[in-house]
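Single-structure report; data block below.
FYI, side chains are in, hydrogens and waters are out, and symmetry mates aren't considered; it's all heavy atoms of this structure. Each chain gets a letter, A, B and so on, in the order its sequence line appears, and its residues count up from 1.
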Amino acid sequence: MPETKKYETVIGLEVHAQLLTKSKMFCSCPADYIQGSPNSVVCPVCLAMPGVLPVINRRAVEYVIMTGLALNSTISQDTQFHRKNYPYPDLVKGYQISQYDVPIAVGGWLTIDVDGEQKKVGITRVHLEEDVAKLQHIHDAQGESYSLVDVNRAGIPLMETVSEPDMRSPEEARQYLENLRAILQYLGVSTGNMEDGSFRCDANISIRPVNSTELFTRTEIKNMNSFRAVYRALEYEVERQIKVVEEGGRVVQETRGWVEERGVTVSQRTKESAHDYRYFSEPDLPPLSISREWVKEVKAGLPELPGARRDRFVAEYGLSLYDASLLITSKSTADFFENGLRAKDTKPVEVTTKAKAIANWMLGDMTGLLNASGVELGNARITPQGLREFTDLIEAGTINGPAAKAVFEEMFKSGKGAMIIAEEQGLTQISDAGLLDEAVAEVLQRNPQAVQDFLGGKETAVKFLVGQVMKETRGRANPAMISKILLENLGTELNG
Amino acid sequence: MLHWAYPFLDWYVIMTSPRLSQDEVQHIALIYRLGLSQEEIESLRHQLSDILENFQVLDQVDTSGVPPTGHSVALENVMREDVAAPPMSKEDTLANAPLREDNYFRVKAVLD
């Protein structure tokens, strides 16, 4: 793609994350709506009945403060909510309560790795708003079109994080998104689940000639429901915009939707004048003053964040920066690793060996099996304790290399302990000297020619004999022990 | 009725001319998804302009020493603890639905 070099990509992301509060943003309805049947988690406030009064959920504000602090933002002292007006059936009130000129958190940054270097992506703002109702558009057999409204989602606290247009490739955007999600998961403020819509991303993207610092006309990409979709949509859009410009055209400022099945973005042209949100301060909610004491308190209670955890994995467990970075990307993966390592007492000198073994199996076979089966780590049968037991058995020589893969697959499938599987399937390594002595004696007796070759000075004959013992034990013998026993026996014959 | 005045106050600030044009009324109608006849537009143009003119009276008050505020009541930080309470029954929720299909509100198709 030589053409790509003429242009630089400019990407900014807007991420909406539902907050993990117990109740909704402005009323006491339970916020756990996903399991609920349509319109079962609704009250007069969600339904915008006349005379109702919204009241701010303190915890939702706190979650945004936490996020702002984790993103190095400044927490506003005086903030307030605004009404964003637009007529659409997903808004029962006719407006969405959001924030406008004074978001809770302003500025800040998040770091990503670009070619081994740390790069800061600027954060513009983090603000709080309410989610809207869910619509289903129906075209029935009679040719009638209508929509079905489920108000359950309306009023779920929604945190919007807006980045600066600082990302220069779809890969950088993917990293930003992964790191942001990791931060929200570590803070415990959002599930970060893109598939169920708890974590949603819109992208602003433009291209410009390399060395230009101007911002060119951008498009806004919506409807990307997975990390992979974001990456693919942005890649597609870069190519599309380059093609438009190369063919002498101009990129039009518009919203485009990602169509997963076709792998393309398509224009979702709307009447431009229809978007006039007429923001004004929400009269039902008094202004919000965030005291410095509150911010201090929240700051003191922040948990360990992904970056700090990665550095600790390197310093404390001797993992490579690369492995540590992979492990910390998702909190559940990092927890699994650390719980496995801590499942048994470990001598300080053994920590690195044990940690590396667990990390290798997690990042290798386990990731492969998780991806292939589509199972989330949280729902996997294999446990951190089980993995630790397994790597210990390999280290002790109870399970040897070729058998380990098979044992691991079975652990993943059935959740059984490694030792039980190895015994059931006869995969334990034979390190019992008595058993091996017998096998060696048997092999020596059956292969007098090889013994003679060895005694005649042909040292490679030993390899053949080791192979024969392995065959005799169906691959379960401890190879180092066989060599030792064989040489002892042959040595006796040589001397005798 | 104060709430209703707010959007118009916004408009008041935006408008340079106190008399609204037909296009401006049409724009407001589009925003509110109102279908207006020519006569209605003309009649509303005068009524809305009169309202804006009335608000102009407020412009004569010297507010140079008063900090801007979006609220009429001097309250601050009214918040609730994050405690969930049982929602309404589904039947109550859907009781006033003009059209209902299963447990959904049914509405006319609206294209953005």
Side-chain angles (χ1 to χ4, degrees), chain A residues 21-24 27-32 36-44 46-47 55-61 80 82-83 85-89 92 133 135-139 144-151 268 270-271 273-274 276 278-290, chain B residues 1-11 13-14 23-24 26-34 67-112:
Chain A
T21 50
K22 292 190 174 66
S23 61
K24 288 190 181 180
C27 66
S28 305
C29 279
D32 182 18
S37 59
N39 293 307
S40 63
V41 195
V42 168
C43 75
C46 315
L47 286 171
V55 189
I56 299 166
N57 183 335
R58 192 184 144 89
R59 194 189 301 268
V61 176
Q80 62 172 328
H82 271 72
R83 285 188 183 178
N85 301 276
Y86 66 92
Y88 199 61
V92 278
L135 300 182
Q136 264 182 66
H137 302 294
I138 311 282
H139 304 282
E144 208 182 335
S145 290
Y146 57 93
S147 300
L148 297 178
V149 189
D150 174 7
V151 187
Q268 300 183 326
T270 54
K271 280 183 194 163
S273 56
D276 186 341
R278 291 152 293 136
Y279 280 100
F280 62 93
S281 57
E282 169 56 83
D284 285 343
L285 295 171
L288 189 60
S289 166
I290 301 171
Chain B
M1 291 308 283
L2 185 63
H3 300 182
W4 286 105
Y6 271 78
F8 295 107
L9 273 176
D10 271 12
W11 280 109
V13 173
I14 291 162
D23 281 351
E24 283 164 336
Q26 204 130 40
H27 177 70
I28 296 169
L30 172 67
I31 288 168
Y32 286 95
R33 300 297 186 271
L34 296 174
T69 175
H71 296 84
S72 52
V73 190
L75 275 173
E76 211 179 59
N77 291 5
V78 180
M79 286 187 270
R80 39 176 276 274
E81 290 307 314
D82 181 28
V83 179
M88 252 158 76
S89 81
K90 219 180 289 176
E91 286 315 308
D92 281 348
T93 297
L94 292 158
N96 296 322
L99 269 176
R100 176 179 173 171
E101 187 169 311
D102 300 326
N103 287 321
Y104 291 96
F105 294 95
R106 180 175 159 161
V107 297
K108 281 186 194 163
V110 177
L111 296 173
D112 198 7

Which atoms of Leu94(B) are under 4.5 Å from chain A, going by heavy atoms: the side chain, the backbone, both sets, or neither?
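Just the side chain, heavy atoms under 4.5 Å.
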Val83(B) portion near chain A, given a 4.5 angstrom heavy-atom threshold:
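Contact with chain A is through the backbone of Val83(B) alone.
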Passes side chain to side chain contact (heavy atoms under 4.5 Å, CB included), Asp82(B) versus Lys22(A)? Steps please.
CA-CA 6 Å; Asp82(B) 181 28; Lys22(A) 292 190 174 66; 3.6 Å; yes
What is the distance from atom [atom1] of [X] to atom [atom2] of [Y], rounded to the nearest 0.5 Å?
| X | Y | atom1 | atom2 | value |
| --- | --- | --- | --- | --- |
| Asp102(B) | Asp150(A) | CG | CG | 12.0 Å |
| Glu91(B) | Asn39(A) | CD | CG | 11.0 Å |
| Arg80(B) | Cys27(A) | CZ | SG | 6.5 Å |
| Arg106(B) | Ser147(A) | CZ | OG | 9.5 Å |

So which atom in [X] and which in [Y] form the shortest heavy-atom distance, rounded to 0.1 Å?
| X | Y | value |
| --- | --- | --- |
| Lys90(B) | Ser40(A) | CE-CB, 3.8 Å |
| Pro30(A) | Ala84(B) | CA-CB, 3.9 Å |
| Pro286(A) | Val78(B) | CG-CG2, 3.5 Å |

With a 4.5 Å cut-off on heavy-atom pairs, point out which of Ala85(B), Pro86(B), Ser89(B) contacts chain A the most.
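With the most close heavy-atom pairs to chain A, the winner is Ala85(B).
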When Asn77(B), Leu75(B), Asn103(B) are compared by non-hydrogen pairs under 4.5 Å with chain A, the top option:
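Maximum pair count with chain A is reached by Asn77(B).
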Please identify, among Ser37(A), Pro44(A), Cys29(A), Pro38(A), the residue contributing the most non-hydrogen atom pairs under 4.5 Å to chain B.
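That would be Pro38(A).
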Which residue, Leu288(A), Val55(A), Leu285(A), forms the side chain to side chain contact (heavy atoms under 4.5 Å, CB included) with Met79(B)?
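With Met79(B) as partner, Leu288(A), Val55(A), Leu285(A) yield a single side chain to side chain contact (heavy atoms under 4.5 Å, CB included), made by Leu288(A).
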Less than 4.5 Å to any heavy atom of chain B: does that hold for the side chain of Glu282(A), its backbone, both, or neither?
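Contact with chain B involves the backbone of Glu282(A) alone.
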Evaluate the side-chain proximity of Ile138(A) to Glu101(B): yes if any heavy-atom separation is below 4.5 Å, no if none is.
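The answer is no, as the side chains (C-beta and beyond) never meet within the 4.5 Å cut-off.
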